[in-house]
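What follows is a set of notes on a single structure, which appears directly below.
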Protein chains: 2
Amino acid sequence: MAERKQPDRRRQVMEAAARSFETFGYKGTTMDQVAKLAQVGKGTIYTFYANKEELFEEIMKGLIQELKVVADETQDGKLPFADNLMNVLHKVSDYRDRHALAAKLSQEVRDIGTPMAKEGLEKVEKAIIGYIARHVKEASDKGEIRPCSPELTAYMMLKMYLALTAEGHHLHEPLGKEEILESFRFYCFEGLAIR
Amino acid sequence: MAERKQPDRRRQVMEAAARSFETFGYKGTTMDQVAKLAQVGKGTIYTFYANKEELFEEIMKGLIQELKVVADETQDGKLPFADNLMNVLHKVSDYRDRHALAAKLSQEVRDIGTPMAKEGLEKVEKAIIGYIARHVKEASDKGEIRPCSPELTAYMMLKMYLALTAEGHHLHEPLGKEEILESFRFYCFEGLAIR
DNA sequence: AACTGACCAAAATAATAATCCGGTCATTTC
DNA sequence: GAAATGACCGGATTATTATTTTGGTCAGTT
């Protein structure tokens, strides 16, 4: 009963859109282009999605889903919270950097500042913070770390991680992977105070 | 002997430039404008400064100097390092936010991304980090805080402080002054680890 | 009923004209 | 004759206009 008597147009559109957004960015993909790639009349797209924005959001949801899978796969129940956290940050950041769609959108924001592209990437960041926040809460409840606001803590963790991995602004030497891990543990978990 | 038989043209130029840059931004000030404000022929400016860039750098040096004075005045030898640090961060950030030149340049970078304006603000940030780094090193030598790389630590401190004070990106609620201080102490000095 | 693509207005881009501005230097001032 | 000036230059920027593109619609086809 799963015969495709008719080609699945919704899937065709989604896949075409995904390819187009990651190749040409948000601004660079046109609805005509997507229709052509999907081998579908342009009007057909509008039977599934109200507009370009909605189509884009659907694709971004997919990226966030992928990141969640990567993060879940990285977690190891036997490891302490700090190790899991650092592994997840590393893996997710790495995956995001390498993912064609995210990379293209970053470049688009840098180069021409497309608002939709910025918004999309913000949603990804927000999803990452939400994901971390859930695990922070869990660790906090289990007494693995000190009590804290999960949301704010997750936000600070991501900011600290990004500050350490950031290069480009020549404010500090680019750090090696080991240095990043060590520094992250130092600043995020241990703190500067004498104990 | 300190009579001003001739008007001090260098000073006139500097003051005019300072007023112009803080009113119109880097791009918005023209050399003609500065000459007129300084009541000086345009060519005269070029006897003191090789070009517009150099004139701008002179003015930025002045801003950095002002910030250093504010920071030094904020320090209180009797207070522990953490308190001094937080006071300095608060005062300097506040002063910078209110300073017309810095405010204008920030807006210019946001709105049109003038490279020179960005560069100038980066120099300010670098100066702040350098200043903090010196005090971190001192505190570290005195054993007030754990041993650490002063440069990297100062960088991380500023980033953490800015992350906490940042609003606009709606990634977390804007925090009150007390919450900022408390959170900064928590994340920067105490750390998440159970002790 | 599902699908299509010619069509439209608005927005983006390209082409062109007009203006501005950093920097120079021959001339003037003292 | 050293210091100061401002008219002047060409490259860059901006304003103006013409042209093309594009998101979205809908009358017509399958």
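We name chains A, B, ... by the order of the sequence lines, and we start the count at 1 in each one. Just so you know, these numbers come straight off a predicted model, no measurement behind them.
- For the OP1/OP2 pair of C/dA2 and a distance below 4.0 Å, the side-chain nitrogens and oxygens of A/Arg9 include no atom meeting the criterion.
- The side-chain tip of A/Arg10 points at the ring of A/Tyr49 from less than 6.0 angstrom away and within 45° of straight on.
- Nearest approach of B/Met156 to A/Ala163, heavy atoms of both residues: SD-CB, 4.0 Å.
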Check: protein-nucleotides 22-25 of chain D nitrogen or oxygen pairs below 3.5 Å:
unit_1 : atom_1 : unit_2  : atom_2 : d
D/dG23 : OP1    : A/Thr29 : O      : 3.3
D/dG23 : OP1    : A/Lys52 : NZ     : 3.0
D/dG23 : OP2    : A/Met31 : N      : 2.6
D/dG23 : N7     : A/Lys42 : NZ     : 3.3
D/dG24 : OP2    : A/Tyr46 : OH     : 3.2
D/dG24 : OP2    : A/Lys52 : N      : 2.7
D/dG24 : N7     : A/Lys42 : NZ     : 2.9
D/dG24 : O6     : A/Lys42 : NZ     : 2.2

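- Rounded to whole Å, atom P of C/dT4 lies 10 Å from atom CD of A/Gln39.
- Rounded to an integer number of Å, the gap from CZ of B/Arg10 to C1' of D/dA3 is 15 Å.
- Taking both residues in full, the closest heavy atoms of A/Val13 and A/Val40 are given as CG2-CG1, 4.3 Å, listed atom of the first, atom of the second, then distance.
- To the nearest angstrom, P of D/dT13 lies 15 Å from CE of B/Met116.
- Rounded to an integer number of Å, the gap from NZ of A/Lys36 to C1' of C/dT4 is 13 Å.
- Between B/His90 and B/Tyr161, the two ring planes are perpendicular [angle over 60°; tilted spans 30° to 60°].
- Counting all heavy atoms, side chain and backbone alike, A/Ala166 lies closest to A/His172 at O-NE2, 3.7 Å.
- Proximity of B/Thr44 to the phosphate of D/dT5: a side-chain N or O atom is located under 4.0 Å from OP1 or OP2.
- A/Met31 approaches A/Asn51 most closely through the heavy-atom pair CE-C, 4.3 Å.
- Rounding to whole angstrom units, CZ of residue B/Phe48 and C1' of D/dT5 are separated by 13 Å.
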